[in-house]
Amino acid sequence: MRRWRGLALALAVSLGAMPAQAQARLNVVASFSILGDFVKNIGGDRVDVTTLVGPDGDVHVYAPTPADVRKVADARLLVVNGFGLEGWLPRLIQAAGSKTSIVTATAGIAPLKAGSDADPHAWQSVSNAEKYVANIRDALAAADPAGAEVFRQNAQSYLARLQALDSEARLAISQIPESRRKMISTHDAFGYFAARYGIQFIAPTGVSTEAEPSARDIARIIAQIKTQHIPAVFLERIGDPRLMRRISEETGAKVGGTLYSDSLTDEKGEAPTYIDMVRHNIRTLASALAN
Ligand code: ZN
């Protein structure tokens, strides 16, 4: 009898000391791929993260599926961008009817204005991405207090990488001749990048890919490219590439390559992580605008 009790006690002790991997992981849903990457970097082995809008998806015009409703209902934590990026989200949350905690990753960031609306693309400044990471770290710690120290350490090492990336971006853009630090891209996704790193971006469509540019908008942009000698136009993975190609043909501005604005690629692509995405963009800009 005493031996059995001892065994039961030993079993209870070993269950209590189980490593994090064997415990139920924190179930986190992120609205789109870039947020999913931040959660992965901070949560490590303690979280299972799924994204609603996956690689190469367009978060502006997403239509949630019944499977998404279940994902949100089952999640402990839902990570969203805010600033009006996920216009489809309130209905999804209502349909899920869950008590899932929601963290807005842009909390504490002063939004740039795009017309009368907030520009949602705050992650395009690496300095803002550092605030996203701090917000996500704190939300993970609140949902899983036992993991708080792990999240703090993971965030600390990831933040050090982001700070290095921010310096890399500043240096790369500063080496482009000042008169050539201007470009045009598919939709107005680089306002925060422009403000942080000092490069002029012009876009034929607004901050959402939903809007189609008018003939007048396009004529205005073509005139602007000619008078300001804008050296290059860039394509994006989302949005319609045909317009950029047409503008390139009509103005003689070269097509400088593809930039990643609102989504990562899958593992085999050029931008499977946020850090890869920013690095790809600065290299593409630097090589197209250098001379
Ligand atoms: Zn966008």
Side-chain angles (χ1 to χ4, degrees), residues 30-38 51-64 68 79-90 92 104-107 109-129 131-132 169 183-197 199-214 217-218 221 233-245 247 256-266 269-282 284-285:
S31 61
F32 74 116
S33 54
I34 292 167
L35 297 182
D37 183 48
F38 292 152
T51 56
L52 299 174
V53 183
D56 296 318
D58 184 347
V59 64
H60 292 289
V61 294
Y62 187 65
D68 293 332
V79 183
V80 305
N81 184 76
F83 289 166
L85 180 70
E86 304 101 336
W88 40 269
L89 197 71
L92 172 60
T104 302
T106 51
I109 295 172
L112 293 179
K113 287 285 176 187
S116 56
D117 298 323
D119 176 350
H121 304 89
W123 63 85
Q124 285 293 349
S125 153
V126 179
S127 160
N128 285 340
K131 297 199 178 88
Y132 279 57
M183 45 80 69
I184 171 162
S185 184
T186 312
H187 85 300
D188 201 356
F190 293 97
Y192 294 87
F193 187 98
R196 178 75 182 164
Y197 304 110
I199 190 163
Q200 187 190 345
F201 277 83
I202 298 153
T205 67
V207 288
S208 174
T209 53
E210 266 174 312
E212 289 275 327
S214 67
D217 291 336
I218 296 166
I221 291 222
V233 306
F234 292 83
L235 309 177
E236 289 175 35
R237 275 296 266 251
I238 62 163
D240 187 346
R242 287 172 300 184
L243 176 60
M244 280 300 114
R245 294 196 191 282
I247 289 173
T258 299
L259 300 177
Y260 294 86
S261 55
D262 298 10
S263 96
L264 303 177
T265 63
D266 64 19
E270 292 173 309
T273 70
Y274 174 78
I275 289 176
D276 292 330
M277 177 190 85
V278 174
R279 200 163 273 154
H280 169 88
N281 286 350
I282 58 182
T284 302
L285 287 168

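For ligands, and for the atoms within them, numbers begin at 1 and follow the listed sequence.
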Apply the test side chain to side chain donor-acceptor pair (under 3.5 Å) to residues Tyr260 and Glu236: give CA-CA distance (whole Å), side-chain angles for both, the deciding distance (0.1 Å), then the verdict. CA-CA 6 Å; Tyr260 294 86; Glu236 289 175 35; over 6 Å; no

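- Taken to the nearest 0.5 Å, the NE2 atom of His60 stands 6.5 Å off from the OG atom of Ser261.
- Near the Zn ion (ligand 1), less than 2.8 Å away, sit the protein N, O or S atoms His60 NE2, His121 NE2, His187 NE2, Asp262 OD2.
- Listed for the Ser263 side chain is a donor-acceptor partner under 3.5 Å among the backbone atoms of Asp56.
- Here the options are Thr104, Thr106, Asn81, the test is side-chain hydrogen bond (donor to acceptor under 3.5 Å, both in side chains), and the partner is Tyr132; only Asn81 passes.
- Applying the salt bridge (charged side-chain N to carboxylate O under 4.0 Å, His left out) test to Asp68 and every residue at least two apart in sequence or in another chain returns Lys71.
- Relative ring orientation between His121 and His187 is described as perpendicular, the plane-to-plane angle rising above 60° on a 0-90° scale split at 30° and 60°.
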